[in-house]
Amino acid sequence: MKFLRQFSIILLISFLGEGLRELLPLPIPASVYGLILMLLALCTGILKVHQVKDAAVFLIEIMPVMFIPAAVGLLESWDALRPVVVPVIVITVITTVIVMVVTGLVTQIMIKRKGKKDERVSK
């Protein structure tokens with residue numbers, strides 16, 4: 001029963017994200033709206049982590065299974081993808097490296113800021 005309640009909460013927030021996508025004329029996917037709503041609910045205390053944790057862990061554990069249909073679709077479309085596979089791979093590698101570098105730099109900046117803030121507080 002606990003999983004059903006937690007999963008229902010996650011589905012409700014996803015449904016609200018779908019509603020926001022229909023209401024707002026922005027080119028943002030409904031899943032992003034749902035994630036923002038979940039973040040806001042968790043940050044404001046409207047929703048506690050323990051209220052969705054078990055269902056969320058389960059969904060994360062089965063996430064790789066969700067990629068199987070997409071992979072099969074790519075295999076079925078191989079004739080159309082063959083001419084562009086090299087550029088797609090190059091773009092994917094380059095953008096992945098850029099994201100990793102930017103993430104590392106932002107993390108280092110945040111760690112330095114936190115260290116400076118901690119020094120000011122301890123004085």
Side-chain angles (χ1 to χ4, degrees):
M1 196 63 159
K2 178 172 78 169
F3 278 109
L4 185 60
R5 187 179 76 245
Q6 291 182 5
F7 191 67
S8 297
I9 292 170
I10 293 171
L11 283 178
L12 174 66
I13 290 175
S14 296
F15 178 74
L16 292 174
E18 290 285 341
L20 276 176
R21 184 184 59 80
E22 292 296 323
L23 292 174
L24 300 175
L26 300 172
I28 298 173
S31 58
V32 173
Y33 283 125
L35 288 171
I36 291 170
L37 289 174
M38 179 67 83
L39 177 66
L40 290 173
L42 290 169
C43 287
T44 59
I46 294 171
L47 190 63
K48 305 288 187 234
V49 173
H50 69 85
Q51 292 175 302
V52 292
K53 183 177 182 177
D54 296 327
V57 167
F58 171 74
L59 290 171
I60 289 171
E61 287 175 354
I62 66 164
M63 189 186 328
V65 175
M66 303 304 172
F67 290 101
I68 292 173
V72 170
L74 287 174
L75 291 175
E76 289 180 359
S77 303
W78 178 247
D79 292 333
L81 292 173
R82 187 176 301 156
V84 295
V85 75
V86 173
V88 168
I89 290 172
V90 169
I91 290 169
T92 302
V93 169
I94 290 171
T95 55
T96 300
V97 169
I98 290 170
V99 168
M100 290 171 65
V101 168
V102 170
T103 302
L105 292 172
V106 170
T107 303
Q108 288 178 348
I109 291 168
M110 297 302 291
I111 289 171
K112 287 178 184 175
R113 281 188 184 175
K114 186 176 186 308
K116 288 179 183 177
K117 183 179 176 184
D118 289 344
E119 287 176 8
R120 282 185 270 158
V121 171
S122 65
K123 287 183 181 180

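From a predicted model like this one, the values you see are computed outputs, not experimental measurements.
Scanning all heavy atoms of the two residues, the minimum distance from Pro87 to Val84 falls at CD-O, 3.2 Å. The two residues Ala80 and Pro83 have their closest heavy-atom pair at O-CD, 3.4 Å. Shortest non-hydrogen contact noted between Thr44 and Ala41 is OG1-O, 3.4 Å. Leu37 approaches Gly17 most closely through the heavy-atom pair CD1-N, 3.8 Å.
Hydrophobic clustering, with ILVMFWY side chains joined whenever heavy atoms are under 4.5 angstrom apart, keeps Ile28 apart from Leu35. Criterion: ILVMFWY side-chain heavy atoms under 4.5 Å apart, direct or through other members. Under it, Ile91 and Val97 are not part of a common hydrophobic cluster. Hydrophobic cluster membership is shared by Val86 and Ile89, with clusters built from Ile, Leu, Val, Met, Phe, Trp and Tyr side chains linked at under 4.5 angstrom. In the hydrophobic cluster analysis, where Ile, Leu, Val, Met, Phe, Trp and Tyr join through side-chain heavy atoms closer than 4.5 angstrom, Ile10 is grouped together with Ile62. Placement of Ile46 and Ile36 in two distinct hydrophobic clusters is found when ILVMFWY residues are connected by side-chain heavy-atom separations under 4.5 Å, directly or transitively.
Every residue two or more places apart in sequence or in another chain that forms a side chain to side chain contact (heavy atoms under 4.5 Å, CB included) with Val49 is listed here: Leu42, Lys53.
Note that CG of Leu26 and CG of Leu20 are 10.0 Å apart. Values are rounded to the nearest 0.5 Å. Between atom CE of residue Met38 and atom CG of residue Leu12 there is a gap of 9.0 Å, rounded to the nearest 0.5 Å. In this structure, Leu4 CG and Ile9 CD1 are separated by 10.0 Å, a value rounded to the nearest 0.5 Å. Atom CG of Leu59 and atom CE of Met66 lie 7.0 Å apart (nearest 0.5 Å). The distance from the CG atom of Leu40 to the CD1 atom of Ile13 is 10.0 Å, given to the nearest 0.5 Å. Between the CD atom in Gln6 and the CZ atom in Phe3 there is a gap of 6.5 Å [rounded to 0.5 Å].
Here the side chains of Val85 and Trp78 are in contact, with some heavy-atom distance below 4.5 Å.
In this structure, Ser77 contributes its side chain and Leu74 its backbone to no donor-acceptor pair below 3.5 Å.
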